[in-house]
Every structure is written in structure tokens, then in C-alpha cells.
Amino acid sequence: KNEVEQSPQNLTAQEGEFITINCSYSVGISALHWLQQHPGGGIVSLFMLSSGKKKHGRLIATINIQEKHSSLHITASHPRDSAVYICAVYTSGTYKYIFGTGTRLKVLA
Amino acid sequence: DSGVTQTPKHLITATGQRVTLRCSPRSGDLSVYWYQQSLDQGLQFLIQYYNGEERAKGNILERFSAQQFPDLHSELNLSSLELGDSALYFCASSFQTGLDTQYFGPGTRLTVL
């Protein structure tokens, strides 16, 4: 079993839909990062969370430390949101990063 | 543009060879991270340097080594290359630690023939 699991692996949505991507982890962490990888390969950091909730534009990220679970929500999805979304945990004590396998999102116009 | 630069963008070489990938972090960032992304294994953390010193080591093979220089740029050296080393290699930088936002470079695509 992977230490960081993401679901779903693939997601197709219609423009305007509310989208949720989930990340569960089994290790102790200091922080959790959500990354976006564009079709061209470039990676952008969306959020870094150690507790609670963060919002940036149409994106919302939440984390529940006790349940070892985080969610990334996209409201009013748009075709330009089509990308791979990757969850990464920064482990406590060892300062290493462990990545989920990513969620490939396609938003149709 | 993240402010992180990586050279070269593409590299094609043969098995058994040695290559050096270079990364310049964002101005003011002290930490540099190296990652490998292959089709079958996804993104993997290789190593982190902070202000010239190794801070954390991930799944970095013994054939690979890295260093961060006084001007804070970093190099990743890959030797005795194998076909399985073909991958995208990303560098990222952050102000200090893993609790800071990371800014990713555009990556170096390595092809080993």
C-alpha cells in the first residue's frame, strides 16, 4: 500500500461542475502540498497546508490531521483547469517528500 | 515563470555515460530540491540542500550525487546511466524549509539510449 493515496485517478467533468480530489496518507507529516502539473509538464504549487483550510480563487484545500486526509476542491470548473493534480506530504522528522500518483482531470466545455 | 531555471532542457545520452543537470533557484531562496518523474514511478523526491548543506535524502541512487554551491545554484550528477534513468528531472526551490512554498523549474528531460 502506498503511503500517499489519491482518488480518483482520472476524472472527467463538465464545465461549471464542482470537483473534489482526495488524498489520504499513512505517515506523520509536517505539511501537505497540492501541486498542479500542466499538460506541457510544468509544475505549480497550489497550496501548502499544515492545518485547516485555504482558499485561492476557485480552489479550496482542506486537511484533517487526525483522519490523515486532505481534499482539493475546484468550484465552477473550467477547461483550463484540465491538468494532473498531485498531493505530496512533507514527512515529520525525516524531512522527505512522498508523492501521490496524481489525479488526471479533464474538464469539457 | 517561477524564477527557477534548469539547464539543459533536453539531454540525450548513452548507457554508461555521466551527465550533470544544473539548477538556479529563485533569488533569495536557500533550499533546492531535486525530483525525478518517470512514467512508471511518478514523482520521487531525490535530495534537498539548504544553504549549501544536504538536508534530506530520498530515493536517490548511489550512482547519483548532488551539491549546492556558495552562490546557491545546484547540480545533480548522474553516472553509469541506465535505460531506466530516462525521466524528467525537476528542481525546485523554497525560501527555507519544506514548510515554505516550492517553486518548480521547467525540468530537464533525460533520455538514455
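Letters go in sequence order (proteins before strands), and every chain restarts at 1.
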Any side-chain heavy-atom pair of A:Gln37 and B:Phe90 under 4.5 Å: yes

Proximal to chain A - members of residues 47-57 of chain B, heavy-atom separation under 4.5 Å: B:Gln48, B:Arg55, B:Ala56, B:Lys57

Main-chain N/O of A:Val4 paired with A:Asn2 side-chain donor or acceptor, under 3.5 Å: no

Heavy-atom side-chain proximity of B:Asp100 to A:Met48 below 4.5 angstrom: no

Side chain, backbone, both or neither of B:Asn59 within contact of chain A (heavy atoms, under 4.5 Å): neither

Close contacts, residues 67-78 of chain B versus chain A, judged by heavy atoms under 4.5 Å: none

Any A:Thr103 side-chain heavy atom under 4.5 Å of A:Leu72 side chain: no

Whether A:Ser70 side chain and A:Thr62 backbone form a donor-acceptor pair below 3.5 Å: yes

Residues 13-38 of chain B: residues contacting chain A (heavy atom under 4.5 Å, by number): B:Tyr33, B:Tyr35, B:Gln37

Within one Ile-Leu-Val-Met-Phe-Trp-Tyr cluster: A:Ile19 and A:Leu49, side-chain cutoff 4.5 Å: yes

B:Gln44 (side chain) donor-acceptor with B:Gly58 (main chain) under 3.5 angstrom: no

Beyond-backbone contact of A:Ser26 with A:Lys68, side-chain heavy atoms, under 4.5 angstrom: no

Heavy-atom side-chain proximity of B:Val112 to B:Glu82 below 4.5 angstrom: no

Heavy atoms from other residues, nucleotides or ligands near CG of B:Leu83 exceed 12 (cutoff 6.0 Å): yes

Cluster link B:Leu88 to B:Phe45, ILVMFWY, side chain under 4.5 Å: yes

Non-hydrogen side-chain atoms of A:Ile63 and A:Trp34 separated by less than 4.5 Å: no

Interface residues of residues 80-100 of chain A facing chain B - heavy atom cut-off under 4.5 Å: A:Ile86, A:Tyr90, A:Thr94, A:Tyr95, A:Lys96, A:Tyr97, A:Phe99

Pairwise side-chain contact, B:Ser86 with B:Leu110, heavy-atom cut-off 4.5 Å (strictly under): no

Check: B:Ser2 side chain, B:Phe104 main-chain N or O, donor-acceptor pair, under 3.5 Å: yes

B:Ser79 side chain to B:Arg63 backbone, donor-acceptor under 3.5 Å: yes

Side-chain (A:Thr12) to main-chain (A:Lys106) donor-acceptor, under 3.5 angstrom: no

Side chain to side chain, A:Ile21 and A:Gln6, heavy atoms closer than 4.5 Å: yes

Heavy-atom proximity to chain B below 4.5 Å, by part of A:Thr101: neither

